[in-house]
Trainee: 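Have a look at this one.
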Amino acid sequence: QVQLVESGGGLVQAGGSLRISCAASGPSFSSYAMGWFRQAPGKERDLIAAINWSGIHKYYADSVKGRFTISRDNAKNTVYLQMNSLKPEDTAVYYCAGAQMTRLTARSSDYAYWGQGTQVTVSS
């Protein structure tokens with residue numbers, strides 16, 4: 001059983017940067033693909049970035065491509081999301097999720113493990 005805990009959310013001005021982290025506990029973190037989802041009020045939870053177990057393969061939603069970077073440190077059992085050039089529309093609760101998968105997918109139902117979420121608010 002993998003447990004995920006996000007941290008690093010907060011309030012930032014538009015154009016600013018923030019890095020959020022997801023610390024994992026439990027066996028075999030290095031074998032899991034990891035994703036960052038976000039959910040704004042009244043909207044669905046969408047995948048914005050994902051990374052495979054080795055860190056070689058990454059996926060980004062069009063809305064964050066070029067601004068956000070996902071990375072992982074398997075020695076620290078941690079996955080990161082560096083967010084630059086933040087916009088008010090990036091305001092949401094950000095969730096990390098993990099799954100044992102050979103191919104990255106965007107379906108939230110494919111991810112077995114979830115953190116509790118961290119709030120990111122971008123002011124205009």
Trainee: Taking Glu6 for the side chain and Cys96 for the main chain, is one N or O donor matched with an acceptor at less than 3.5 Å?
Mentor: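 Yes, because the side chain of Glu6 sits within donor-acceptor range (under 3.5 Å) of the backbone of Cys96.
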
Trainee: Evaluate His57 against Ile51 for side-chain contact (heavy atoms from CB on, under 4.5 Å), listing each step before the verdict.
Mentor: CA-CA 6 Å; His57 300 291; Ile51 188 168; over 6 Å; no

Trainee: So, the side chain of Arg67 versus the backbone of Ser85: is there a donor-acceptor pair under 3.5 Å, distance only?
Mentor: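 Yes: the side chain of Arg67 pairs with the backbone of Ser85.
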
Trainee: Is there a donor-acceptor contact under 3.5 Å from the side chain of Tyr111 to the main chain of Met34?
Mentor: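 Flag not set: sc Tyr111 to bb Met34 has no pair under 3.5 Å.
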
Trainee: Give a yes or no on whether a salt bridge exists between Asp90 and Lys87, defined as a side-chain N under 4.0 angstrom from a carboxylate O.
Mentor: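 Judged by the 4.0 Å cut-off on N to carboxylate O distance, Asp90 and Lys87 do not form a salt bridge.
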
Trainee: Is the side chain of Asn52 donor-acceptor paired with the backbone N or O of Gly55 at a distance under 3.5 Å, no angle test?
Mentor: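 Such a contact is found between Asn52 side chain and Gly55 backbone.
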
Trainee: Return the set of residues passing side-chain hydrogen bond (donor to acceptor under 3.5 Å, both in side chains) with Arg103 (not counting sequence neighbours), or none when no residue passes.
Mentor: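 With sequence neighbours excluded, Arg103 shows a side-chain hydrogen bond (donor to acceptor under 3.5 Å, both in side chains) to no residue whatsoever.
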
Trainee: Can a donor-acceptor pair be found between the side chains of Tyr94 and Arg38 at a distance below 3.5 Å?
Mentor: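 Yes.
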
Trainee: Does a donor on one side chain sit under 3.5 Å from an acceptor on the other, for Asp73 and Thr78?
Mentor: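 The criterion, which ignores hydrogens and geometry beyond distance, is not satisfied for Thr78 and Asp73.
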
Trainee: State, to 0.1 Å, how close Arg72 and Tyr32 come at their nearest heavy-atom pair, and which atoms those are.
Mentor: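 Taking every non-hydrogen atom into account, NH1-O, 2.7 Å.
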
Trainee: Are the side chain of Gln3 and the backbone N or O of Ser25 linked by a donor-acceptor pair below 3.5 Å?
Mentor: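 No; judged by distance alone, with no hydrogens or angles, the pair does not exist.
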
Trainee: Would you find a donor on one side and an acceptor on the other, under 3.5 Å apart, between the side chain of Asp110 and the backbone of Gln100?
Mentor: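 Between the backbone of Gln100 and the side chain of Asp110 there is no qualifying donor-acceptor contact (under 3.5 Å).
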
Trainee: Looking only at side chains, do Gln119 and Thr121 share a donor and an acceptor under 3.5 Å apart?
Mentor: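 Side chains of Gln119 and Thr121: pair found under 3.5 Å.
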
Trainee: Would a line drawn from the ring center of Trp114 to the ring center of Phe37 be shorter than 6.0 Å?
Mentor: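 Yes, the ring centres sit under 6.0 Å apart.
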
Trainee: Is it true that atom NZ of Lys58 has more than 12 heavy atoms of other residues, nucleotides or ligands lying nearer than 6.0 Å?
Mentor: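 More than 12 heavy atoms, drawn from other residues, nucleotides or ligands, come within 6.0 Å of this atom.
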
Trainee: Tell me every residue that passes side-chain hydrogen bond (donor to acceptor under 3.5 Å, both in side chains) with Ser17, counting only those two or more places apart in sequence or in another chain.
Mentor: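 With sequence neighbours excluded, Ser17 shows a side-chain hydrogen bond (donor to acceptor under 3.5 Å, both in side chains) to Asn84, given in chain and number order.
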
